[in-house]
Every structure is written in C-alpha cells, then in structure tokens.
There are 2 protein chains.
Amino acid sequence: MAEALSERISKGTLKPGERLPTEAELCEEFEVSRTVVREAVARLGSEGLLVSHQGRGMFVSERQPTRKFELDADNLSTLPETISVLELRLGVEVEAAALCATRRTAADASKIRDLMEKLDSLSADPKNVDVHYDFSFHLEIARATNNEHIFRFLSFLKPFIVPRFQLSQLVSSEYKDKYYQRIHCEHEEIVVAIEQQDPERARTAMRSHLLNALERLRALSNAAGLSDTTNIDASMLESFFKP
Amino acid sequence: MAEALSERISKGTLKPGERLPTEAELCEEFEVSRTVVREAVARLGSEGLLVSHQGRGMFVSERQPTRKFELDADNLSTLPETISVLELRLGVEVEAAALCATRRTAADASKIRDLMEKLDSLSADPKNVDVHYDFSFHLEIARATNNEHIFRFLSFLKPFIVPRFQLSQLVSSEYKDKYYQRIHCEHEEIVVAIEQQDPERARTAMRSHLLNALERLRALSNAAGLSDTTNIDASMLESFFKP
DNA sequence: TTGACTAATTTGTATGACATCATATGCATA
DNA sequence: TATGCATATGATGTCATACAAATTAGTCAA
C-alpha cells in the first residue's frame, strides 16, 4: 500500500505539487480501511514524500525530499571498511586544513592550539580516552573553514571513525609514548601552518598526519589478512607502532 | 507526541532493545486516543527508531538508525552555497583521482578515456548539454577508486552540482570554444596521470581542474557581489571565461 | 517434566462518528 | 453586474469501539 503509493510518486505518475486521491478514494482503490490508508500516508509523510493539509487534501511534495547520504554502521566493523571511510575523510580534511589556514581568524587559531595542548596534557595520563579530543581538534579546524558543509560532513563522519580507532589503547605504554609524541609533532605542524596561514603547508601536514594512520591500517590489513577489527590483539599492533 | 517519544529514545531514557509502554499506556500518559499514538509510532517506525511486533509489543531499534548527511537543496541557489559544496567536492575528488591512479584497472583507464573523448565530441555541438557527461567522467574516476563510499558520496553530490553549473551555457560561442578547449586540456592531464598510474600527478591535475571552476565562481561572487545564481547574465560571465 | 490446550495481553485492522479547516455555492445587497 | 456574507460541502484530524491475529503466560493432565 505505502509501497504502491511511493512508487507512483517516484515513477512520476503523481507529479510534485499534484493532489493525491482522497483518503476515501484510496480506500476504495486498494480495498482497505481508512486506518490503513492513513498509516501509509503517515509513513510517506514522515519521509517527506507528501504533505497533507486539513480540509484541502494531500499533495505530493513540491521538492523531492532531500536525498541523504548514509553509511551503514554495521559494515564498519571490518578493517577494509574502516579504511574506506578514512580515505573519504582524508580528502575532506586535507582540503579543510588548507581552507582553514586561509580563512581562520585569530580566535580560531588560538582555539585550535588550545585544543592541541589540552589533548597533549590528557595523553600524558595513559588511561584517558584520547580519541574524542583528537577528533574535536580536527572538528575545530573544519569549523574554522567557515564552510558549513565541510564541518557538518566531518561531524557526520565522527561516529564512524571515533569508536573504531582505539588502536592506541591496545599498545603497550612503552610504544604509546612514542606514538603520542609522533602524534603531537604532526599536530604541531598542522597548527603552525594554520597560524602562519600557509594553506599549502597545512595541506601537506594534514595529509601526512592522516596518511600515517591510514598506512598503519593498510599495512595491518595486508599483513595480517584480518577482516575484522575485533580480532586484532596488542601483539599484532605493536610492531606497527614501533618508531 | 512523536517528538516526545523520539526524544526519550535519543536521550537514552529508552534504551536500544528495550520495550516501550503499550499503546494503551501511552494513550493514558499523553491523554490522546490510540489513533494518535499509532500515527506517532508509525512515524518513528518509518524512521527506523522502533519496530513493533504484533502480539509482543513495540521495541526501540537495536541499532540506532543510520545517521544521515543531507544537504538542503533550497539554500543552494545562492552562489556562496554553491561554492561551499564545490569546496567539499574538491577535497573528495582530488583524493579520488589519486586513489584511482593507484588502483585503476586497464579497463577503468580506457573507460575513463572513452568518456572524455565522448564528452569532447559532444561539446563540439554547441547546443548539447555537456555537464551531465562531464560529471559522468568524474563519477567514473570515483568508481575506479574501488572505494564505494567515495563513489556513493560523489553520486550523492551530483544533483547539487550539476543543475547549478550551466555557466557555460550562458557564454557566447566565441569564448565557449576556448572554454571547452581548456576543459579538454585539464581532462587530458587527469586521464594521462591515471593512465600512467601517477597519483601525485593525478592529484595535482584534478585539483587545478576543479580549482579553476572554483576560482571563477569565487571571483564572480566577489566582483559582482551576487548572492543568487539566477541573477547572473551572460555579460557578467564572459569576462571570466576570457582566455 | 513434558505436552497440549486455554486465557490474557498486545498490536493490526475495520468501522462509524464527530471536529476542524478550506473551499465552493448561493443569495442578498450595493 | 459585482461584492460580501452565510451556508453547504468535502477534505483531513481525532476519537471510541469492536474484532482479528499473533505472542506469551498459565493451567492442567499424562
């Protein structure tokens, strides 16, 4: 029922702005009660396919509902999928860093540096979860691009990246220090480039920062032939975090 | 009503997998009829927030519904918005070109060249709409990255870019030739880089290709102070297409 | 303890009535 | 004729009740 109506709309039998048959007519046509018709209409309405006005009738939405981009969280437990999302993220963030360097205000720059230093101080304590703060650092850069779409897209990507990326948690504290130290250097380079408003340098810095993470994952994926991040144990990881 | 329930779910008062109050209880609580409750539930159900089983009850969905990234097509008539989307696109496509150069198969490469040549032959005829073919060229590169998310994201972006970008339509045929010639050179450079499997070169080529479009739009926006693409006329544009 | 049958609970569907809003109709008046 | 108002009509929104269908809990007997 709902499917049949939905199909008519998407196939263009019912055109945008056009009025639908009345509930009574739909009842006759599909030989169901008004209850069912209204449930179906409610579904389509909540999907934005049609709107109904009391007293006037039901109409196909003028502008087709905003198409959406979605990622299925289920598939993302596999390592290749995680890599894929990271590749997508990388493109956006590299450009974001460059735009940020160009457009940042003084306040933006200092806030970004503050976030980095906050992150540094937190990573000193080994039991802190760092990744959220790491991502907030990246998000702040995105915000400073003054491009709302870039910021929103990265915010959208966040839950698909953050919870998968606890790799550092698995590494022993010996290598962890080295790891954090390297992260810090990479962040520092990004921050300096932004402070100096050097887009090309920011681009390069952000690229190598994310590429490092990406390459570690790719190497991990190739070497171990793993398909699921849940199977990774610490011993496998450590070799990749060695200096 | 629907909002209240939705809020409870998203705020975690009702946890994934948990059972909701029965319809009768919700009727009492909100002091509405069962009809209203069922309409609200239908909305939430179609959004994937909950599922209901006849005879068992209604339950909050185990996995919260996939978060979605959406662009509002309404805002995109303004030039700054168009630029914003193009900036987002640029980051993804530059990375896509590099990945494509690395991973392309022989079949991918020849298909991409074919598309370019098809586009060239079409642009010889001034009344052809070129932009769809232009975008299909870009999409084919994205497909060859073998990264489904990148391909899907660019496909998602397509309708927000294609219809806004009929700039070439407004330019007189004199400059149009020059314009197409330049486009061709840029495309050629991308294709060669992909054929030679040179990711760095592909990155550079794609960047300058998109940057040209972007810079033209930015200049246009700054110079004319226009906020709406519908107000652009040919005379304004031509100066930006001059060689 | 196991098995089947029964009863109770819950959602799905049907039906009829009324409320509410928008539009069309008709009539009276300027 | 044209305008304005009251009314009628038709549409969706809400309510109440009854029954159908499916699941679960409980009872009772072998």
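In the text below, chain A, chain B and the rest are named by the order of the sequence lines, each starting its count at 1. Here the structure is a predicted model, which is why all the values come from computation and not from measurement.
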Stepwise, does the side-chain contact (heavy atoms from CB on, under 4.5 Å) test hold for E95(B) with L99(B)?
CA-CA 6 Å; E95(B) 186 61 23; L99(B) 290 174; 4.0 Å; yes
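- A search for side-chain contact (heavy atoms from CB on, under 4.5 Å) contacts involving E25(B) returns P21(B), T22(B), not counting sequence neighbours.
- Under the salt bridge (charged side-chain N to carboxylate O under 4.0 Å, His left out) criterion, R103(A) pairs with E87(B), not counting sequence neighbours.
- Remark: N212(A) pairs with E186(A), R216(A) by the side-chain contact (heavy atoms from CB on, under 4.5 Å) rule, at least two apart or across chains.
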E47(B) vs E47(A), side-chain contact (heavy atoms from CB on, under 4.5 Å): CA-CA, chis, key distance, verdict:
CA-CA 8 Å; E47(B) 291 170 20; E47(A) 291 170 20; over 6 Å; no
Dump the intermediate steps for side-chain contact (heavy atoms from CB on, under 4.5 Å) on M206(B) and I141(B), then the final yes or no.
CA-CA 11 Å; M206(B) 181 62 85; I141(B) 292 174; 3.9 Å; yes
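- In this structure, Q54(B) has no side-chain hydrogen bond (donor to acceptor under 3.5 Å, both in side chains) partners at least two apart in sequence or on a different chain.
- E93(B) and H209(B) share no donor-acceptor pair across their side chains, judged by distance under 3.5 Å alone.
- Residues satisfying the side-chain contact (heavy atoms from CB on, under 4.5 Å) criterion with S61(B), sequence neighbours excluded, are V51(B).
- Comparing the end axes of the helix from dT1(C)-dA30(D) to dA30(C)-dT1(D), each fitted to five base pairs by superposing C1' atoms of four pairs onto the next four, gives an inter-axis angle of 10° (nearest 10 degrees).
- By the 4.0 Å N-to-carboxylate-O rule, R38(B) lies close enough to E39(A) to be salt-bridged with it.
- For R34(A), the salt bridge (charged side-chain N to carboxylate O under 4.0 Å, His left out) criterion is met by E23(A), not counting sequence neighbours.
- Listed by first and then second residue, the salt bridge (charged side-chain N to carboxylate O under 4.0 Å, His left out) pairs that reach into residues 143-152 of chain B are E140(B)-R143(B), sequence neighbours excluded.
- Contacts between residues 16-38 of chain B and DNA chain C, defined by a heavy-atom separation below 4.0 Å, involve R19(B), T22(B), E23(B), R34(B), R38(B), listed by number.
- Rounded to whole angstrom, the span from the CZ atom of R56(A) across to the C1' atom of dG10(D) amounts to 14 Å.
- Put simply, chain A comes within 4.0 Å of DNA chain C, heavy atom to any atom, from dT13(C) to dT23(C), going 5' to 3'.
- Using a 4.0 Å cutoff on non-hydrogen atoms, the parts of residues 44-54 of chain B near DNA chain C are S52(B), H53(B), Q54(B), ordered by number.
- Contacts of S52(B) classified as side-chain contact (heavy atoms from CB on, under 4.5 Å), with partners at least two apart in sequence or in another chain: M58(B).
- Comparing G57(B) and G55(A) by the nucleotide of DNA chain C whose heavy atom lies nearest to each, the residue mapping closer to the 5' end is G57(B).
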